[in-house]
Amino acid sequence: MRAAALIPHHTSEELEVAYRQAERPLERSRWQIVWLKSKGKSIPEIIDATGFSRTTISTLIAAYNASGEQALLDKRQFNKSDPALNPDQQEAFPEGG
């Protein structure tokens, strides 16, 4: 399986800045993958640098090509579902624990 070429939605420099400034770990990893690809790194080199699988990297590159920056965002932060625990159950757990 050959990874698609990267569509340049952003310059390599812009991708590096986004990678270095990302606060959410998942987004940072995604920006890093796309940034490394923009620098001409091969899939095996990206695997070595990030630890992600070939399939994950190829899928992310295809999503970035199709949707740009939106494909790199961690959409879990927008999840508006109810918490798994009710307020009483939440209070049973100490803060930060």
Side-chain angles (χ1 to χ4, degrees):
M1 176 166 139
R2 180 164 154 60
L6 194 66
I7 293 175
H9 294 288
H10 300 86
T11 66
S12 185
E13 293 78 18
E14 290 170 333
L15 293 170
E16 180 181 11
V17 168
Y19 156 60
R20 298 202 183 279
Q21 292 180 347
E23 294 179 8
R24 301 178 68 83
L26 179 62
E27 290 178 7
R28 184 176 320 131
S29 295
R30 290 174 176 177
W31 282 110
Q32 181 186 25
I33 289 168
V34 175
W35 170 55
L36 292 172
K37 184 65 177 167
S38 76
K39 291 176 49 175
K41 301 292 184 187
S42 67
I43 297 296
E45 290 173 317
I46 297 171
I47 291 169
D48 288 343
T50 66
F52 285 91
S53 72
R54 175 180 294 275
T55 301
T56 298
I57 292 167
S58 297
T59 301
L60 179 64
I61 291 169
Y64 176 77
N65 284 343
S67 303
E69 182 175 339
Q70 290 299 310
L72 306 181
L73 299 179
D74 183 357
K75 294 173 185 72
R76 296 177 299 181
Q77 65 184 314
F78 305 114
N79 181 355
K80 300 297 181 193
S81 63
D82 292 331
L85 303 176
N86 67 38
D88 291 334
Q89 292 169 323
Q90 291 174 26
E91 283 186 24
F93 289 95
E95 283 293 318

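Model, not experiment: these values are computed from the prediction.
What you find for Ala49 and Leu36 is that their closest heavy atoms are CB-CD1, 3.8 Å. Of all non-hydrogen atoms in Arg30 and Leu73, the two that sit nearest each other are NH1-O, 2.8 Å. Across every non-hydrogen atom of His10 and Glu69, the tightest pair is NE2-OE1, 3.6 Å. Heavy atoms only, all atoms of each residue included: Arg28 and Ala22 are closest at NH2-O, 3.0 Å.
Separation of atoms NZ (Lys41) and CG (Asp48) is listed at 10.5 Å; rounding is to 0.5 Å. Taking CD1 of Ile47 as the start and OG1 of Thr55 as the end, the distance is 8.5 Å to the nearest 0.5 Å. Ile46 CD1 to Thr56 OG1: the interatomic distance, rounded to the nearest 0.5 Å, is 12.0 Å.
Take Ala18 and apply the side-chain contact (heavy atoms from CB on, under 4.5 Å) test, not counting sequence neighbours, and it matches Trp31. Under the side chain to side chain donor-acceptor pair (under 3.5 Å) criterion, Ser67 pairs with no residue, sequence neighbours left out. Scored by the side-chain contact (heavy atoms from CB on, under 4.5 Å) test, Asn86 finds Asp88, Gln89 as partners (sequence neighbours excluded). For Asn65, the side-chain contact (heavy atoms from CB on, under 4.5 Å) partners two or more places apart in sequence, or in a different chain, are Ala4, Leu6, Ile7, Ile61. Residues that satisfy the side chain to side chain donor-acceptor pair (under 3.5 Å) test with Ser29, not counting sequence neighbours, are absent from this structure. In terms of the side-chain contact (heavy atoms from CB on, under 4.5 Å) criterion, residue partners of Pro44 (sequence neighbours excluded) are, by chain and number, Ser42, Arg54. In this structure, Thr50 has no side chain to side chain donor-acceptor pair (under 3.5 Å) partners at least two apart in sequence or on a different chain.
Formation of a donor-acceptor pair under 3.5 Å by the Gln32 side chain with backbone atoms of Tyr19 is not found in this model. Side chain of Lys37 to main chain of Ser58: no donor-acceptor pair is present (N/O by atom type, distance under 3.5 Å, no hydrogens or angles).
Screening residues 4-16 for salt bridge (charged side-chain N to carboxylate O under 4.0 Å, His left out), with sequence neighbours left out, gives Glu16-Arg20. Sorted by first and then second residue, the ring pair (Phe, Tyr, Trp, His ring centres under 6.0 Å) pairs involving residues 36-59 (not counting sequence neighbours) form an empty list.
His9 and Tyr64 have perpendicular rings, their planes meeting at more than 60° on a 0 to 90° scale where under 30° would count as parallel.
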